[in-house]
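Notes to accompany the following structure.
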Number of protein chains: 2
Amino acid sequence: MRDPEATLRQHALPVTAQRLAVLRAVSRHPHATADDLTASVCGELGTISRQSVYNVLNVLTEKGIIRRIQPADSPARYEDRIGDNHHHLVCRSCGRTEDVCCAVGEAPCLKAHSHHGFKIDEAEVIYWGTCPACQKKKRS
Amino acid sequence: MRDPEATLRQHALPVTAQRLAVLRAVSRHPHATADDLTASVCGELGTISRQSVYNVLNVLTEKGIIRRIQPADSPARYEDRIGDNHHHLVCRSCGRTEDVCCAVGEAPCLKAHSHHGFKIDEAEVIYWGTCPACQKKKRS
DNA sequence: CTAACTTTTTGACAAAGTCCAAAACTAGGT
DNA sequence: ACCTAGTTTTGGACTTTGTCAAAAAGTTAG
């Protein structure tokens with residue numbers, strides 16, 4: 001995220017302290033939840049309402065400025081890095097989330113021929129596993 | 001699902017009317033939600049508690065008798081068809097869910113080399129799109 | 001600087017599940 | 001068939017994540 005303020009203006013969004021702070025927080029904490037981001041923003045602004053966090057996240061997501069990912073058994077997470085078709089690797093036990101470049105070149109999985117008459121617009125891949133820390137914890 | 005009762009016994013689970021009914025309901029309605037299943041079971045047994053539906057679905061899922069899928073913006077859905085690594089195609093507007101055989105042969109996407117030290121055990125793929133009915137609705 | 005329009009805030013509400021304790025049921029041994 | 005021990009089922013309260021709505025505050029164009 002180069003310049004949060006410019007980004008907002010480019011999308012015809014009024015610039016507010018809350019939006020700038022949320023945008024910076026998403027940038028600083030990839031894959032953070034709304035709750036994580038609220039905490040981070042509070043550190044910067046002192047306070048922000050829960051609703052505002054959701055408002056901002058929703059509008060930024062609609063405009064395509066950030067991306068929302070919603071793995072099973074986890075609240076929604078947000079990220080900055082968009083437009084490069086990467087996927088995610090999620091720890092089943094602690095929820096730690098990492099980016100994974102599309103494994104087999106360019107969007108190989110996307111090539112689902114139109115099934116059942118659906119118009120497919122995205123292939124989402126989530127790799128499930130156990131992160132190093134949780135592997136260690138389980139062994140002990 | 002050949003014989004629900006035998007299936008339960010094979011997994012050392014006491015056979016109860018609720019379990020049989022839920023198991024049959026999952027079989028009859030692939031990709032149904034807990035709510036859908038509750039309605040279906042009520043048609044068969046007259047009544048069942050919400051908690052029991054969750055209890056049964058959880059135990060069956062743990063035993064690997066059924067599979068739970070949790071697409072974004074949808075309550076959990078359950079299915080009968082397990083062990084064949086198939087994926088799902090979900091309609092963004094109505095939630096309709098269809099099975100999709102793994103597009104490129106055998107688990108091609110699963111070949112994410114161990115990233116970040118994670119021990120990967122599953123690759124989940126969800127294709128997002130618009131089902132025929134919703135395409136028609138949108139055009140009108 | 002003002003006016004029009006958005007955002008932010010606050011508080012109530014909703015959906016999907018889980019937690020807990022009491023009542024009912026299942027399965028195994030007599 | 002009947003007990004008994006151990007599970008399940010039930011009902012109700014509670015939690016989490018998020019949305020709705022109306023009033024107050026802020027932003028931007030003129």
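A, B, ... follow the sequence lines: proteins, then strands. Residue 1 opens every chain.
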For A/Ser52, report the nucleic acid contact type (base, sugar-phosphate, nothing); a contact means any heavy atom under 4.0 Å.
-> base

With a 4.0 Å cut-off on heavy atoms, is B/Ala76 in touch with a base, just the backbone sugar-phosphate, or nothing at all?
->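 B/Ala76: backbone/sugar contact only, no base atoms under 4.0 Å.
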
Report the residue (A/Ile48 or B/Pro14) whose heavy-atom-nearest nucleotide on DNA chain C is the more 5′ of the two.
-> A/Ile48

Residue whose closest nucleotide on DNA chain C lies nearer the 5' end, B/Asp35 versus A/Ala17 | A/Ala17

Each nucleotide of nucleotides 19-25 of chain D classed B (base within 4.0 Å of a protein heavy atom), S (only sugar-phosphate) or -, in 5' to 3' order, makes BBB----

Whole-Å distance separating the [atom1] atom of [X] from the [atom2] atom of [N]:
X: A/Leu20; N: C/dT7; atom1: CG; atom2: P; value: 13 Å
X: B/Arg19; N: C/dA27; atom1: CZ; atom2: C1'; value: 12 Å
X: B/Gln18; N: C/dT26; atom1: CD; atom2: C1'; value: 11 Å
X: A/Gln70; N: D/dT16; atom1: CD; atom2: C1'; value: 14 Å
X: A/Asp36; N: D/dT16; atom1: CG; atom2: P; value: 14 Å
X: B/Asn55; N: D/dT7; atom1: CG; atom2: C1'; value: 11 Å
X: A/Lys63; N: C/dT6; atom1: NZ; atom2: P; value: 11 Å
X: B/Glu5; N: C/dA27; atom1: CD; atom2: C1'; value: 13 Å

Should the pair [X]-[Y] be classified as a salt bridge under the 4.0 Å nitrogen-to-oxygen rule?
X: B/Glu5; Y: B/Arg19; answer: no
X: B/Arg28; Y: B/Asp80; answer: no
X: B/Arg77; Y: B/Glu79; answer: no

Does some side-chain heavy atom of A/Gln70 sit less than 4.5 Å from a side-chain heavy atom of A/Arg68?
-> yes

Do B/Glu124 and B/His88 touch side chain to side chain, with heavy atoms closer than 4.5 Å?
-> no

Is the distance from OP1 or OP2 of C/dA27 to the nearest side-chain N or O of B/Arg9 less than 4.0 Å?
-> yes

Just to confirm, is there a sub-4.0 Å distance from OP1 or OP2 of D/dT7 to any side-chain nitrogen or oxygen of B/Thr16?
-> no

Gap between atom OH of B/Tyr78 and atom CG of B/Leu23 - 0.5 Å precision |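 Reported value, rounded in 0.5 Å steps: 13.5 Å.
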
Atom pair NZ/OG1 of A/Lys63 and A/Thr7 - distance to nearest 0.5 Å = 13.0 Å

When you get a sec, tell me which of C/dA16, D/dG18, D/dT10 is the closest nucleotide to the side chain of B/Ser49?
->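 It is D/dT10.
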
